[in-house]
Amino acid sequence: MQFSYTKYEKLKSRKLIKQLFEDGKAISVFPLRLIYLKKEHASNYNVQASVSVSKRNFKLAVSRNRIKRLMREVYRLNKPFLYENLENKYIFMFIYLGKKEIKFQKLDTKMKEIIKLFLKKIS
RNA sequence: CAUAAAAGUCGCCUUAUCGCUAUCCAUAACCAAUGGAUGGAGGAAAGUCCGGACACCAUAGAGAAUUGUAGCGGUUAACAGCCGUCAUCACACUUUAGUGUGAGAGGACAAGUGCAACAGAAAGCAAGUACAGGUAAUGCUGUAGUGAAAACAGGUAAACUCUACGAGGUGCAAUGUUACGUAUAUUGGAGUGUCUGCAUUAGCAGAUAAAGAGUACUCGCUCAAGUCUUCAAGGGGUGAACAGCUAAAGUUAGUUAGUAAUAGCUAAUUCAGAUAAAUGAUAAGGAUUUUCUACUUUUUGUAGAGAAUACAAAAUCCGGCUUAUAGACUUUUUUUAAAU
RNA sequence: CGGGGUGUAGCGUAGCCCGGUUAUCGCGCCACGUUUGGGACGUGGAGGCCGCAGGUUCGAAUCCUGCCACCCCGA
């Protein structure tokens, strides 16, 4: 299923995440920031991705969960476009930089932009 | 009918498409993948302020220290919670003794220590103002004045303290299992004890680790109790997976006992288990509230457009407490208006 | 999951343990003096519900209880 986002394509290993933050490269389209690293990993999927929202910017667990769910949803819907143009294996971390909550449509367009920017960078 | 207060209950719904997570079933086949079925946040899940269950630590034992509670009775697994009730205090009413409403951290100052600004003669090893009375004489007696409190067994313990009762510590990142094996590992050295052999004043070699004494070590301290001790080298598994983990002081309904908290009985029922952390996203329609415009004689109502639908996310599990909360509903009481 | 600390004037602080005058000090601010003017200096002054709400007490920044905000630590 091409729109899926199961637990096997989530980035979970602490080691990988540590390495990602140390060696990874970053691009950003406000309010999103993408940190990526070309890396062989055990998953069957080409990309292991994860999302993050700062506790400093959003104090309530409810609003943090809301934004993380929106980010996962947007990533999930735009995944086919990403996979069409991808050959190697990568690990991703999306970080939300904004301090206010965001509408779905706006986040959707931002996600499309940042994926285009990413594909342009690696090609 | 409206209004306010108190107590309690509920706290958005439906459909479609695309997804997430757990369990089960199917595809020969563990994992993966695909398909199907079923379940999937709260009244506070929050704050982490109390109390337990459960687990380990050193048997969980005594004492000091520390700390908590504090009328009486009940309730409970337990509590600083809850229920009932009394002293006391505040307000209202009648009236000088009651009634109603609300509050109610309330043991001891008749053991010791401390503290008391200003005022006042005096605020505690004492001393003694004014007026009156009284005496042989004297603060000997009464009243006044100051003050929150004035010679009275003075006041003050949400001052130290004392009394009674209670509390061992650490927390599910507890704890256990899996991996070739292990963390008190393994290797080397030193000390102590025991055993064996050689030797027989001494000592040497090998093996081994708790039966006695001593030393040393072990809870924050002391005792009791327990354990061979110590130095150096050595750094992987891993902050992996699985168990613990959700059937319980359960939930719902009825009924009996009790003023009540609560307890008993009967029937039905199985109801989240994630881990960079699932329970969602989008679209359409509906419901409730509300703003504007138009229609309507007014109230009411109708139509159209717009806005809002709170507080807030399980993380080992329960019982409370506290705090946040759009809107809707129920009951009781107060006040106002109308009718009889 | 558990533990600790701090909120006092615009800023930085003392006082809190052990309750009692008008709440301390420095910088900053205002006025006046000095100077041709400014700075520096001198003199005087203003500015505080002591984080919020209850309670104990005659009296609370201080004691007790409950909240709020910020900071730090451990596994």
Side-chain angles (χ1 to χ4, degrees):
Chain A
M1 184 52 74
Q2 55 181 355
F3 290 117
S4 71
Y5 182 65
T6 64
K7 65 177 178 181
Y8 301 101
E9 52 185 316
K10 277 184 193 168
L11 180 58
K12 288 179 168 182
S13 162
R14 278 180 174 267
K15 276 186 161 179
L16 281 178
I17 292 170
K18 198 176 175 186
Q19 193 183 359
L20 174 61
F21 276 111
E22 282 174 359
D23 305 332
K25 295 174 183 173
I27 53 174
S28 53
V29 174
F30 189 83
L32 287 175
R33 172 183 282 264
L34 169 61
I35 300 175
Y36 64 93
L37 185 66
K38 187 175 173 183
K39 176 78 181 173
E40 283 297 320
H41 50 75
S43 175
N44 291 341
Y45 296 87
N46 279 352
V47 176
Q48 278 197 325
S50 180
V51 300
S52 175
V53 180
S54 169
K55 198 169 187 176
R56 193 167 291 273
N57 293 340
F58 293 93
K59 205 170 173 315
L60 292 181
V62 171
S63 45
R64 282 202 300 277
N65 279 348
R66 162 87 184 166
I67 289 174
K68 280 153 83 174
R69 280 166 178 162
L70 280 173
M71 283 166 80
R72 276 191 225 114
E73 188 72 10
V74 160
Y75 169 74
R76 181 174 73 77
L77 293 174
N78 288 300
K79 215 177 71 174
F81 175 72
L82 177 66
Y83 272 46
E84 281 173 17
N85 301 293
L86 205 61
E87 292 173 356
N88 297 309
K89 286 197 170 186
Y90 281 87
I91 51 179
F92 279 9
M93 173 69 80
F94 291 96
I95 297 174
Y96 189 78
L97 299 172
K99 294 186 179 177
K100 291 177 182 174
E101 295 199 27
I102 193 168
K103 288 271 172 58
F104 174 80
Q105 273 82 3
K106 195 173 180 186
L107 194 63
D108 192 43
T109 56
K110 294 291 181 187
M111 179 60 79
K112 285 190 168 73
E113 284 179 33
I114 202 164
I115 288 175
K116 277 180 194 165
L117 189 64
F118 166 71
L119 292 174
K120 195 177 169 189
K121 281 259 181 185
I122 60 166
S123 60

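In what follows, every chain begins at residue 1, and chains take the letters A, B, ... in the order their sequences are listed.
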Complement of [N], any strand, by Watson-Crick or G-U distances under 3.5 angstrom:
| N | result |
| --- | --- |
| B:A103 | B:U88 |
| C:C70 | C:G5 |
| B:C198 | B:G203 |
| B:U266 | B:A253 |
| B:A310 | none |
| B:A64 | none |
| B:G39 | B:U21 |
| B:G98 | B:C93 |

Over how many whole Å does the gap from [X] atom [atom1] to [N] atom [atom2] extend?
| X | N | atom1 | atom2 | answer |
| --- | --- | --- | --- | --- |
| A:Leu70 | B:A281 | CG | P | 7 Å |
| A:Leu60 | B:C311 | CG | C1' | 10 Å |
| A:Phe3 | B:U282 | CZ | C1' | 13 Å |
| A:Arg72 | B:A277 | CZ | C1' | 8 Å |
| A:Tyr5 | B:U279 | OH | C1' | 16 Å |
| A:Leu107 | B:U282 | CG | P | 10 Å |

Between [N] and [M], how far is it from one [atom1] atom to the other, in whole Å?
| N | M | atom1 | result |
| --- | --- | --- | --- |
| B:U325 | B:A44 | P | 16 Å |
| B:A64 | B:A103 | P | 42 Å |
| B:U322 | B:G327 | P | 24 Å |
| B:A240 | B:A274 | P | 16 Å |
| B:U59 | B:A243 | C1' | 29 Å |
| B:G11 | B:A287 | C1' | 14 Å |
| B:A105 | C:C64 | C1' | 9 Å |
| B:A268 | B:A32 | P | 41 Å |

Point to revise | A:Met71 side chain near A:Tyr96 side chain, heavy-atom distance below 4.5 Å | key: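 The answer is yes, as the side chains (C-beta and beyond) meet within the 4.5 Å cut-off.
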**Study point:** Within-4.5 Å side-chain heavy-atom neighbours: A:Val53 and A:Ile95
**Key:** no
Exercise for review: Could you tell me whether the side chain of A:Tyr5 and the main chain of A:Lys79 form a donor-acceptor pair under 3.5 Å?
Suggested key: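 Checking the backbone N and O of A:Lys79 against the side chain of A:Tyr5, no donor-acceptor pair under 3.5 Å is found.
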Practice item. Say whether, by atom type as modelled, one donor and one acceptor occur between the side chain of A:Asn78 and the main chain of A:Val74 under 3.5 angstrom. Key: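 It does hold such a pair.
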Check your understanding: Do A:Arg76 and B:C18 share a donor-acceptor pair, side chain to base, under 3.5 Å?
Key -> yes
Review point. Is any N or O donor-acceptor pair between the side chain of A:Glu73 and the base of B:G280 shorter than 3.5 Å?
Key: yes
Is [X] close enough to [N] that one of its side-chain N or O atoms is under 4.0 Å from OP1 or OP2 there?
| X | N | value |
| --- | --- | --- |
| A:Lys68 | B:A277 | yes |
| A:Arg69 | B:U279 | yes |
| A:Arg64 | B:A276 | no |

Review point. So what does A:Ser52 hit on the nucleic acid, given a heavy-atom distance under 4.0 Å: a base, only sugar-phosphate, or nothing?
Key: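 Since no nucleic acid heavy atom lies under 4.0 Å of A:Ser52, the category is nothing.
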Compare the minimum distances between each of [options] and the side chain of [X], then state the nucleotide with the smallest one.
| X | options | answer |
| --- | --- | --- |
| A:Ser50 | B:A276, B:A312, B:A283 | B:A276 |
| A:Ser4 | B:U282, B:A278, B:C20 | B:C20 |
| A:Phe104 | B:C18, B:A276, B:U282 | B:U282 |

Review point. Is the NZ atom of A:Lys110 crowded by more than 12 outside heavy atoms at less than 6.0 Å?
Key: yes
Review point. Do A:Glu73 and A:Arg76 sit within salt-bridge range, that is, some charged N less than 4.0 Å from a carboxylate O?
Key: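 Result for this pair is yes, salt bridge flagged.
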Review point. Are A:Val62 and A:Leu70 linked, directly or through other ILVMFWY residues, by side chains that come within less than 4.5 angstrom of each other?
Key: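 No, because A:Val62 and A:Leu70 fall into different hydrophobic clusters, even though each may have its own neighbours under 4.5 Å.
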